[in-house]
Every structure is written in structure tokens, then in C-alpha cells.
Amino acid sequence: MAGRESQRYGGCVQKLRLDVWSDIACPWCYIGKRHLEQALETFEHKDEVEVVWRAYELDPSAPKQRTEVTSNVERLAKKYRVPEAQAIAMIDRVIGAGTAAGLDLKLHATKSGNTFDAHRVLHWALEHGKQDVLKERMMKAYMTEGVVISDLDVLVALAKDVGLDEAEARAVVDSDRYTADVRADEDLARELGITGVPFFVLANKIGVSGAQPVETMKQVLEKAWAERVQLEPFAEGAACGPDGCA
């Protein structure tokens with residue numbers, strides 16, 4: 001898996017790496033994110049967990065913005081070939097699960113569109129230590145506020161909301177920067193056999209599929225922590241560093 005686990009050498013402890021494949025337009029991903037956060041609240045080593053959000057497009061062929069006048073209920077009924085009443089029940093079930101997780105999902109009013117550019121911006125935010133807060137802001141904007149997440153002006157505004165530089169955000173969305181990073185995430189998802197999200201990979205070896213309950217995520221965190229790679233302490237010797245050799 002791409003990326004090296006961060007290290008805290010003082011106690012010879014490596015952070016627990018947690019890679020999460022998800023899409024902004026995925027309500028179960030939002031619910032899974034909240035369940036993970038709730039599990040981390042009582043996890044003894046939460047400060048040693050490093051979460052990285054990986055790109056996954058549920059519908060790579062989606063247009064920037066849909067122009068047809070079709071409700072989410074109608075679109076869902078057509079996609080799964082079910083009556084509209086059943087489609088409404090499907091949406092309401094997810095809304096109910098979101099409510100239980102503390103989320104206010106307004107899925108009947110979401111405006112679907114392509115999420116590729118949003119994933120590019122998230123890769124940029126990772127470099128500035130703002131990926132998690134921007135992921136949260138994007139999901140809330142899409143699933144609660146009803147914004148068009150494929151709109152480049154919206155992406156710039158959301159980046160600004162979490163303290164990222166507005167001009168640099170504009171430069172990112174107006175370019176093709178981080179395209180290769182998004183494609184790499186998607187290629188790795190295929191290599192790992194990921195066909196649905198959210199999908200969590202802990203310590204590069206433990207895979208968890210779906211928005212699991214909080215208690216399940218707690219158990220997985222404990223297991224991954226117990227099995228993480230540890231650095232063996234050894235005697236210090238002469239070495240070179242940024243300030244010279246000693």
C-alpha cells in the first residue's frame with residue numbers, strides 16, 4: 001500500500017495507519033465516518049491513529065451536474081427497478097441510520113454530480129493537514145445542505161471554510177493537479193478487490209467493509225493496535241541530521 005506509517009521514535013511506537021476508501025456522495029460513508037469517530041473517542045491510543053481518506057467514485061461517469069428534472073426517488077427506483085414507494089423506504093432507512101449516528105441527512109434533496117474534482121481537492125488538503133476537516137465539510141455540504149459538490153466554485157468555498165488558502169484552492173480546481181493521486185487510489189481499490197464503500201484498511205492488513213457499528217469499529221481498532229508493527233529499540237550511535245553530523 002502506498003504511503004509509509006508515521007513514526008514517533010521516542011517510545012519506539014508507530015502510528016496505526018487507517019486508510020479509508022469512500023466517496024463524498026455516499027451516505028453510508030458519512031455514517032461510517034461518524035461511527036469511526038465515535039469509536040476513536042474511547043480508544044486509548046486515538047492520538048496514535050493516522051486516518052487517510054482515499055478516493056473512490058461510486059459513479060465515475062456522472063456528469064458535472066445533472067440537467068434532467070428527475071427526483072432522487074425516481075432515479076433510485078429506475079436504477080434498482082423497484083416501485084417508488086420502495087425507493088422512498090430505502091432512502092428513509094439510510095436517513096434513519098444517519099439520525100442514529102447524529103447526522104442530519106437530507107437525501108431527498110441532494111444534487112448528484114461527479115465527485116472527481118472533490119477527491120483531487122482532498123488530496124491537496126492532505127498535504128496541508130486539513131483532509132479530515134474538509135472531508136467532513138464536503139459531506140455535510142452535499143448531504144445536509146444540498147450543494148452541487150461538482151461545482152468548482154463550491155469546492156473553493158468549502159476549502160476556504162476549513163481554513164485553506166482560497167487562491168491556492170482555485171489554482172488546484174482550475175488545473176489537473178492530483179489527478180494521478182485519485183487514479184492511484186482507484187487503481188489500488190481494484191487491486192484490493194474493493195467493490196463498495198466505505199472500506200477501511202488498518203495497519204496495511206486488516207480490511208473492514210461497510211459502515212460497521214461503533215462497537216465493531218472499537219474491536220477492530222484494538223485488534224489492529226495489538227498487531228501493529230513496532231520499532232525495536234536499539235543503541236544510538238553517531239549519525240547525520242538536518243543540522244549536520246555528530
Kindly assign one of parallel, tilted or perpendicular to the pair His123 and Tyr178, based on the angle between their ring planes and the thresholds 30° and 60°.
parallel
Side chains of [X] and [Y], heavy atoms from C-beta outward: is any pair under 4.5 Å?
X: Thr42; Y: Lys218; answer: yes
X: Leu188; Y: Asp19; answer: no
X: His128; Y: Glu168; answer: yes
X: Asp185; Y: Tyr56; answer: no
X: Arg34; Y: Gln38; answer: yes
X: Ile24; Y: Leu122; answer: yes
X: Phe43; Y: Glu222; answer: yes

Which atom of [X] lies closest to which atom of [Y], heavy atoms considered:
X: Gly98; Y: Ile31; answer: N-CD1, 3.6 Å
X: Val173; Y: Leu152; answer: O-CD1, 3.8 Å
X: Val73; Y: Glu84; answer: CG1-O, 3.7 Å
X: Ala159; Y: Trp124; answer: CB-CZ3, 4.0 Å
X: Val162; Y: Val133; answer: CG1-O, 3.7 Å
X: Pro213; Y: His35; answer: CA-ND1, 4.1 Å

Out of curiosity, does [Y] fall in the hydrophobic cluster containing [X] (side-chain heavy atoms, cut-off under 4.5 Å, transitive links)?
X: Trp21; Y: Phe116; value: no
X: Phe199; Y: Val52; value: no
X: Met138; Y: Val156; value: yes
X: Met139; Y: Val148; value: no
X: Trp225; Y: Val20; value: yes

Criterion side-chain contact (heavy atoms from CB on, under 4.5 Å) on Asp59 and Asn114, from CA distance to verdict:
CA-CA 7 Å; Asp59 186 4; Asn114 194 284; over 6 Å; no
Other residues, nucleotides, ligands: >12 heavy atoms within 6.0 Å of Glu127 CD:
yes
Apply salt bridge (Lys or Arg N to Asp or Glu O under 4.0 Å) to Glu227 and Lys223, showing your working.
CA-CA 6 Å; Glu227 297 180 3; Lys223 176 179 172 61; 2.8 Å; yes
Check the pair Arg120, Asp117 against side-chain contact (heavy atoms from CB on, under 4.5 Å), reporting the backbone distance first and the verdict last.
CA-CA 5 Å; Arg120 289 196 301 113; Asp117 288 323; 3.0 Å; yes
Gap between atom CG of Leu18 and atom CG of Leu202 - 0.5 Å precision:
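The CG atom of Leu202 sits 4.5 Å away from the CG atom of Leu18.
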Could you list all the side-chain hydrogen bond (donor to acceptor under 3.5 Å, both in side chains) pairs where at least one residue sits in [range], not counting sequence neighbours?
range: residues 102-111; answer: Asn72-Thr110, Asp92-His108, Asp104-Lys106
range: residues 140-151; answer: Arg137-Glu145
range: residues 22-33; answer: Ser22-Lys135, Asp23-Thr115, Asp23-His119, Tyr30-Glu136, Lys33-Glu37, Lys33-Glu136

Does Lys160 come within less than 4.0 Å of Asp165, counting only side-chain N to carboxylate O?
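Salt bridge flag = no for Asp165 with Lys160.
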What do the steps show when you test Asp181 against Arg183 for salt bridge (Lys or Arg N to Asp or Glu O under 4.0 Å), and what is the final call?
CA-CA 5 Å; Asp181 300 89; Arg183 296 302 185 208; over 6 Å; no
Donor + acceptor pair across side chains of Gln219, Thr216 (<3.5 Å)
no
Looking only at atom types and distance, does a side-chain atom of Arg228 sit under 3.5 Å from a main-chain N or O of Ala203, one as donor and one as acceptor?
no
Report the C-alpha separation of Asp153 and Arg170 in whole Å, then their side-chain angles, then the decisive distance to 0.1 Å, and conclude whether the salt bridge (Lys or Arg N to Asp or Glu O under 4.0 Å) test is met.
CA-CA 8 Å; Asp153 291 335; Arg170 173 62 64 184; 2.6 Å; yes
